[in-house]
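Letters A, B, ... mirror the listed sequences (proteins, then strands); counts begin at 1.
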Number of protein chains: 2
Amino acid sequence: MGTTQLETAPEPKYWHLKTVLSEALDSEFAVGEILPNERELAARFGVARATLRQALEQLELEGRLQRRRGVGTTVAPPRVGVAVDPARHTWPGAPGDDWQPVDAVESSEVPAAVARLLELTPGERVHIVHRSRVTHGQPVAAEQLYVPVRTVPDAAVTGTDAPARARAVLRALQQRELEGQDRAVELGSARADDARELDRLPGAPVLVVTTRYFTDGRTAAVALSTYRADTCRLTFGDNESEAGVPVLAG
Amino acid sequence: MGTTQLETAPEPKYWHLKTVLSEALDSEFAVGEILPNERELAARFGVARATLRQALEQLELEGRLQRRRGVGTTVAPPRVGVAVDPARHTWPGAPGDDWQPVDAVESSEVPAAVARLLELTPGERVHIVHRSRVTHGQPVAAEQLYVPVRTVPDAAVTGTDAPARARAVLRALQQRELEGQDRAVELGSARADDARELDRLPGAPVLVVTTRYFTDGRTAAVALSTYRADTCRLTFGDNESEAGVPVLAG
DNA sequence: GAGTGGTCTAGACCACGAG
DNA sequence: TCGTGGTCTAGACCACTCG
């Protein structure tokens with residue numbers, strides 16, 4: 001028996017919903033405006049709340065919406081262009097970069113991937129400098145910078161409070177010659193602590209930028225920078241002046 | 001009846017599940033190995049299938065798993081490093097780039113964001129060159145390259161079959177002087193056609209790279225390259241030799 | 001045809017933010 | 001306290017792949 005194909009599209013409901021909502025966002029809503037709540041939207045479109053949420057999740061992933069527990073769903077502003085390549089061949093913490101030193105600790109517990117990049121011997125100690133990046137008043141990224149003690153000795157780290165210690169490590173770095181950098185970008189999900197700092201829930205999608213800094217032919221430091229994927233567009237440019245215009249993805 | 005609160009953390013179940021699975025993947029599974037199916041995994045962990053799926057989705061987002069309808073869930077290989085900056089200051093299609101020309105059409109229907117970048121007048125026509133990128137036998141990216149007819153006149157496009165037309169546009173581009181490039185990376189979700197080409201479902205997470213090519217002080221072409229976010233790590237480097245070692249995100 | 005992941009439903013309760 | 005989004009359940013059916 002033919003399944004009475006009432007020429008329904010093989011298109012999933014949530015996909016169609018997403019399209020409809022996306023067009024509504026373009027034409028009927030202003031940035032910052034608050035949408036009806038999920039239960040009402042689901043009723044209005046005649047779908048289960050879970051299905052509606054699947055559409056909202058995609059739109060949030062694309063940076064069109066912003067959802068906050070206890071508050072509601074709002075129309076997101078265009079993504080912010082964030083320069084990841086501000087000035088080539090400078091150490092982190094060089095004058096004029098957009099990062100704020102938060103803390104620095106010494107530890108030998110390092111993610112396996114970082115240990116590999118730094119070619120650490122087991123138990124070798126590193127400074128972990130924690131920095132955060134704020135643009136337009138919003139936190140956009142959190143960073144862990146791993147600097148082996150072999151690169152910057154303990155003695156150089158003399159600060160009393162947390163940010164001072166961080167600045168001390170960065171200052172010590174500046175005095176070495178930087179031979180080059182290396183970057184990679186990949187999709188990840190926010191660790192609990194980064195999520196808190198970025199004002200997101202754990203597991204939120206993030207763009208992870210891995211930067212390697214080279215000195216004396218080997219890796220002197222590695223930075224793991226975690227950017228909010230919903231609000232950020234990472235820019236790499238010859239043309240440092242132009243931030244670029246937002247591009248809608250999806 | 002109290003659900004026998006066995007001192008459970010305020011941590012969501014799917015989050016805990018993800019951690020447990022992640023560790024199991026590290027220790028008990030080999031790349032390519034197939035996991036038990038979702039219904040069995042859910043039963044084994046004593047959760048609903050939807051909850052289990054939430055954990056699997058995150059692991060897939062992080063590139064740890066690969067799921068295919070009708071087949072199963074397998075352990076994914078480490079992400080492939082894909083050079084996005086292979087040689088600076090070259091036009092697309094320069095000798096040695098990893099893209100394969102697929103087709104070229106002429107059209108005046110262009111995404112609004114692209115029209116803005118190219119400063120197109122309404123109705124202005126462009127060549128849309130479609131290319132695809134394959135690494136290790138797997139499709140990793142699809143690209144639409146938008147070249148205004150003002151940059152490359154129709155007369156230059158003389159091919160008979162589709163790839164030849166694409167190559168003709170690229171060849172015409174090479175003959176202009178390239179003043180600079182500009183790149184941005186953001187998270188998006190795959191359009192239906194790109195998804196098909198990348199062997200993913202529509203809406204799959206992708207990294208969208210927007211490249212602007214400058215000539216005569218203005219934008220001569222714009223490329224929108226869509227990379228599979230689950231399998232790719234985009235690399236930008238001074239050091240073109242080293243592809244970089246995989247970094248686990250999450 | 002059997003088995004897989006993908007979609008969808010109709011509920012329930014929880015965690016958080018704001019008044 | 002109330003309303004929001006976040007989590008979770010226990011089902012059902014569909015679309016796809018493969019033997």
Please check the phosphate of [N] (OP1 and OP2 only) for any side-chain N or O of [X] closer than 4.0 Å.
| X | N | result |
| --- | --- | --- |
| B/R67 | C/dG6 | yes |
| A/T73 | D/dT4 | no |
| A/Y14 | C/dT7 | yes |

Which residues, if any, of residues 48-59 of chain B bring a heavy atom under 4.0 Å of DNA chain D?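 Nucleic-acid contacts, sorted: B/A48, B/R49, B/A50, B/T51, B/Q54.
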Counting only heavy atoms not in A/R68, do more than 12 fall under 6.0 Å of its CZ?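 Open.
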Under the side chain to side chain donor-acceptor pair (under 3.5 Å) test against B/R53, which residue among B/E38, B/Q58, B/E60 passes?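 So, applying the side chain to side chain donor-acceptor pair (under 3.5 Å) to B/R53 and each of B/E38, B/Q58, B/E60, only B/E38 qualifies.
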From A/R200, A/R67, A/R64, residue fulfilling side chain to side chain donor-acceptor pair (under 3.5 Å) relative to A/D230: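 Result for side chain to side chain donor-acceptor pair (under 3.5 Å) with A/D230: A/R200.
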Does [X] use its side chain to pair, donor to acceptor, with the backbone of [Y] at less than 3.5 Å?
| X | Y | result |
| --- | --- | --- |
| B/R183 | B/V84 | yes |
| A/T74 | A/E33 | no |
| B/R228 | B/L198 | yes |
| B/R165 | B/A104 | yes |

Heavy atoms within less than 4.0 Å of DNA chain C: which residues of residues 32-45 of chain B have one? Give them sorted by number.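 Those residues are B/N37, B/E38, B/R39.
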Starting from [atom2] on [N], measure out to [atom1] on [X] and report it in whole angstrom.
| X | N | atom1 | atom2 | answer |
| --- | --- | --- | --- | --- |
| B/K13 | C/dA12 | NZ | C1' | 13 Å |
| B/L65 | C/dG5 | CG | P | 11 Å |
| B/L201 | C/dG6 | CG | P | 6 Å |
| B/R69 | D/dC18 | CZ | P | 13 Å |
| B/H16 | D/dG6 | NE2 | P | 22 Å |

Report the residue (A/V71 or B/G46) whose heavy-atom-nearest nucleotide on DNA chain D is the more 5′ of the two.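 Counting from the 5' end, the first nearest nucleotide belongs to A/V71.
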Testing B/Q100, B/E197, B/E143 one by one against B/H130 for a side-chain contact (heavy atoms from CB on, under 4.5 Å), which residue passes?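 Of B/Q100, B/E197, B/E143, side-chain contact (heavy atoms from CB on, under 4.5 Å) with B/H130 is met by B/E197 alone.
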Angle between ring planes, B/F236 versus A/F236, binned at 30° and 60°: parallel, tilted or perpendicular?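 Rings of B/F236 and A/F236: parallel, as their planes differ by under 30°.
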Salt bridge (Lys or Arg N to Asp or Glu O under 4.0 Å) with A/R131: which of A/D103, A/D194, A/D97?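 It is A/D97, the one option of A/D103, A/D194, A/D97 that forms the salt bridge (Lys or Arg N to Asp or Glu O under 4.0 Å) with A/R131.
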Using Watson-Crick and G-U wobble pairs whose two distances are both under 3.5 Å, how do you write the pairing of DNA chain C as dot-bracket, with | for links to another strand? ||||||||||||||||||.
Of the non-hydrogen atoms in A/G72 and A/I34, which two are nearest, and what is the gap between them?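 Shortest heavy-atom contact: CA-CD1, 4.3 Å.
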